[in-house]
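The structure appears right after this line, and notes come after that.
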Amino acid sequence: MLYMVIEHFKGGDAGSVYARFRERGRLAPEGLGYIASWVDLPMERCFQVMETDDAALLDEWISQWSDLVDFEVYAVTTSADAAARAAAGAQ
């Protein structure tokens with residue numbers, strides 16, 4: 001399952017987030033995979049796609065960052081898979 005994770009850097013403080021990342025890495029537990037990410041130009045938010053079959057791993061990962069980041073998490077699918085589902089009449 002794919003998840004779109006929107007990270008809101010608390011206080012707009014991207015520097016603290018990137019400092020921890022440099023020191024400790026992504027801190028994702030085994031079984032939670034990083035796909036790709038993008039950061040908005042003001043460096044206040046990161047849009048990240050993660051993959052896992054166990055949503056509890058997202059909570060574990062989020063707990064490592066929740067002092068610096070507020071999170072929104074959405075289960076998502078690719079556009080190609082959504083188009084196939086729509087063509088098949090599924091919602």
Side-chain angles (χ1 to χ4, degrees):
M1 175 72 79
L2 296 174
Y3 294 89
M4 171 61 71
V5 179
I6 303 172
E7 303 178 357
H8 300 268
F9 304 143
K10 291 185 179 183
D13 184 10
S16 294
V17 173
Y18 283 102
R20 180 174 296 166
F21 182 79
R22 279 190 306 275
E23 293 167 9
R24 298 174 55 193
R26 192 167 309 282
L27 300 171
E30 189 171 331
L32 178 62
Y34 167 81
I35 304 298
S37 60
W38 304 263
V39 178
D40 67 355
L41 293 179
M43 293 190 65
E44 296 173 347
R45 289 176 295 198
C46 178
F47 303 86
Q48 191 162 194
V49 179
M50 303 293 279
E51 184 173 28
T52 185
D53 291 329
D54 182 359
L57 296 177
L58 283 165
D59 294 331
E60 184 179 335
W61 172 64
I62 286 169
S63 73
Q64 300 292 317
W65 293 96
S66 61
D67 60 322
L68 299 176
V69 178
D70 291 319
F71 291 86
E72 295 178 59
V73 178
Y74 301 92
V76 296
T77 190
T78 65
S79 295
D81 286 346
R85 288 180 62 195
Q91 293 290 325

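Since we're looking at a predicted model, the values are computed, not measured. Numbers here simply count residues along the sequence, with the first being 1.
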Indicate, with yes or no, if Y74 and L2 share a hydrophobic cluster defined by side-chain heavy-atom contacts under 4.5 Å among Ile, Leu, Val, Met, Phe, Trp and Tyr. yes
Look at the side-chain heavy atoms of Ile, Leu, Val, Met, Phe, Trp and Tyr, link any pair under 4.5 Å apart, and say whether L68 and Y34 land in one connected group. yes
Measure from the ring center of F71 to the ring center of W61 and say whether it is less than 6.0 Å. yes
Is the shortest side-chain heavy-atom distance between I35 and Y3 below 4.5 Å? no
For T77 and A82 the tightest heavy-atom approach is CG2-CB, 3.9 Å
Would you give me the side-chain donor-acceptor pairs under 3.5 Å for residues 6-14, sequence neighbours excluded?
{"residue": "E7", "atom": "OE2", "partner": "Q48", "partner atom": "NE2", "Å": "2.5"}
{"residue": "H8", "atom": "NE2", "partner": "E72", "partner atom": "OE2", "Å": "2.6"}
{"residue": "K10", "atom": "NZ", "partner": "S66", "partner atom": "O", "Å": "2.7"}
{"residue": "D13", "atom": "OD1", "partner": "G15", "partner atom": "N", "Å": "3.3"}
{"residue": "D13", "atom": "OD1", "partner": "S16", "partner atom": "N", "Å": "3.2"}
{"residue": "D13", "atom": "OD2", "partner": "S16", "partner atom": "OG", "Å": "2.5"}

Are M1 and V73 connected, step by step, through hydrophobic side chains (Ile, Leu, Val, Met, Phe, Trp, Tyr) whose heavy atoms are closer than 4.5 Å? yes
How close do A36 and W38 get, counting heavy atoms only, and between which atoms? CB-CH2, 3.8 Å
At their closest point, which heavy atom of L57 faces which heavy atom of P29, and how far apart are they? O-CG, 3.7 Å
Would you mind listing every salt bridge (Lys or Arg N to Asp or Glu O under 4.0 Å) that reaches into residues 53-68, with sequence neighbours excluded? R20-D67
Does anything in residues 24-43 pair up under salt bridge (Lys or Arg N to Asp or Glu O under 4.0 Å), and if so which pairs, sequence neighbours excluded? D40-R45
Hydrophobic clusters here meaning ILVMFWY residues chained together by side-chain heavy-atom distances under 4.5 Å, can you tell me if I62 and V76 are in one? no
Same cluster or not: F21 versus V69, using hydrophobic residues (I, L, V, M, F, W, Y) connected whenever any side-chain heavy atoms lie under 4.5 Å apart? yes
